[in-house]
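Reading through the structure tokens given below for one structure.
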Amino acid sequence: MTVKRLYGTYDTQSDRKITLFGWVRNHRPQKAFGFIDLNDGTYFETIQVVYDKSHLDNFEEIRKTRIGSSLRVEGSVERTPDRPQPFEIKARNIQVVGDSQEDYPIQPKRHSREFLREHAHLRSRTNLFTAVFRVRSLLTHAIHKFFQDRDFIHLASPIITASDAEGAGEMFQVTTLDVDNPPKSGKTVDYSKDFFGRKANLTVSGQLQAEAFAQAFKDVYTFGPTFRAEKSHTATHASEFWMIEPEIAFADLRDDMDLAEEMVKEIIGYVMKHAEKELAFLNKFVEKGLLEKLESVVNSTFARITHREAVEILKTAERKFENAPSYEKDLATEHEKHLAKHFDAPVFVTDWPKHIKAFYMRLNDDQNTVAAMDLIVPQAGEIIGGSQREERYDVLLRRMEEMNVDSDELQWYLDLRKYGTTPHAGFGLGFDRMLMYITGVANIRDVIPFPRTPKNCEF
RNA sequence: GCCUCAGUAGCUCAGCUGGUUAGAGCACUUGACUGUUAAUCAAGGGGUCCUAGGUUCGAAUCCUAGCUGGGGCGCCA
């Protein structure tokens, strides 16, 4: 029996004998009886186990059970309509499976997030992280379900890549060479001796490979880890994070945004349906108004503005920005925050100046902007970045030259434009940022089970 | 990489204009308690005041450097 199943069926379980396994969340012993709040991980709520001296031969041992201990409980279900909880377990037999020591750091009280990060192996036993990580699991499923329901093909894009031309930031190198004494060819390291016969890195994006698959399966997506070696110290950056990267053929930027909007609404709706207890808790203790926010996103139409229009909004804003908004520049974090607040809803910003965006984005007819879109949301910032891809061989080649991207290394990518090219588009969704948005948790380190950030690779 | 704040008991924090033996709540240990809900009540144990230097008769407190963490920004997505 599990706590989750009991909460669904306690009406029909009355007086039936059941066995539960779980951990002690709280314990209130008294002279001849006591109460244990037991959590077995299957459900957000705990279950109250009542035990008393007359039914337990090991009463004194159980009475001394500390928080964190694991137990096996035999007993019967008893309805308690007059008490805070709808039912409880009358214990007939309790065995300590694993005792918890005196110095167990997790107490039945509020802990700081910083403290819990340093105890990442235990923090998943707290209410907050129970809620966050169950929502994380549900969100993973919701995303697969969304795409699978629409006949998208999932592909596992490679984690190791030889290309450093993806233009998405600093990469972690992967090597089997002896870094203290690498083989040399003249003064430089001889990578022909390395495992792959060339320099290799951890991927920063599965997009290019997804594009290749989209030219066979039409609608595809990746869902996997991504690695960035930037020394970023912010609440929204991690060195290892997960991305969802759909890629759709015979599609343009509008189709891309339609897909992104539909996806965001549907996956939020799924979580709201399947994580009621967790969201209610987050709504109460983490972000007041969370449920209202999610509800309104599901029922809203996302704003869609061009980069030019975004800058105009910023220029006419009441407040002063440290970075002056410019038609030629990227939006700063403070600009994104302002726009998110201005619309009080997710907002797509489209048609960005070409020189601040990646080489593969489709050049607009004005020759100055590209068919790119970012989705900005309050709190988590940019959670989606996407574009229509440049499907014209000559234009793509020219753009690569303009942006100093090595076209020889990416000949396979250019080939896709030679053999039955299609207009196509895609985007990358930062999974962990999406989770921040849905849970209201303000730091990405608190939505990743064991987060990796610069100078932090414990656990 | 830049700016800023912080580091005192297992946790959250007070003490910091230098001055006796560094405190509180929770947790822990022991005891009381026949229905508790972060139970309550009583007693007890528990300290490298982040580290290293320095100033001083005297440093948790002042100065310098470093380490660690938070927040803001940048890079980036």
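Below, chain A is the first sequence line, B the second, and so on; all start at residue 1. These numbers were taken from a predicted model, which means no experiment stands behind them.
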Donor/acceptor link under 3.5 angstrom from [X] side chain onto base of [N]:
X: Gln107(A); N: G10(B); result: yes
X: Glu88(A); N: G35(B); result: yes
X: Thr333(A); N: C73(B); result: no
X: His111(A); N: C11(B); result: no
X: Glu102(A); N: U29(B); result: no

Would you say the ring centroid of [X] lies under 6.0 angstrom from that of [Y]?
X: Tyr51(A); Y: His55(A); result: no
X: Phe241(A); Y: Phe431(A); result: no
X: Phe33(A); Y: Phe59(A); result: no

Regarding [X], tell me which of base, sugar-phosphate or nothing describes its non-hydrogen contacts under 4.0 Å with the strands shown.
X: Gln85(A); answer: base
X: Asn323(A); answer: sugar-phosphate
X: Arg25(A); answer: nothing

Q | Same-atom distance (C1') from G54(B) to U61(B), integer angstrom | A | 15 Å
(Q) Counting only Watson-Crick pairs (N1-N3 plus N6-O4 or O6-N4) and G-U wobbles (N1-O2, O6-N3), all under 3.5 Å, who is the partner of A6(B)? (A) U68(B)
Q) If each of Lys64(A) and Phe115(A) is mapped to the nucleotide of RNA chain B with the nearest heavy atom, which maps nearer the 5' terminus, i.e. the 5' end? A) Phe115(A)
Q | Nearest-nucleotide comparison on RNA chain B, the residue closer to the 5′ end among Lys337(A) and Lys31(A) | A | Lys31(A)
Q. Charged N to carboxylate O under 4.0 angstrom, Asp52(A) versus Lys90(A)?
A. no
[N] OP1/OP2 closer than 4.0 Å to side-chain N/O of [X]:
X: Arg63(A); N: U36(B); answer: no
X: Asn127(A); N: A38(B); answer: no
X: Arg117(A); N: G70(B); answer: yes

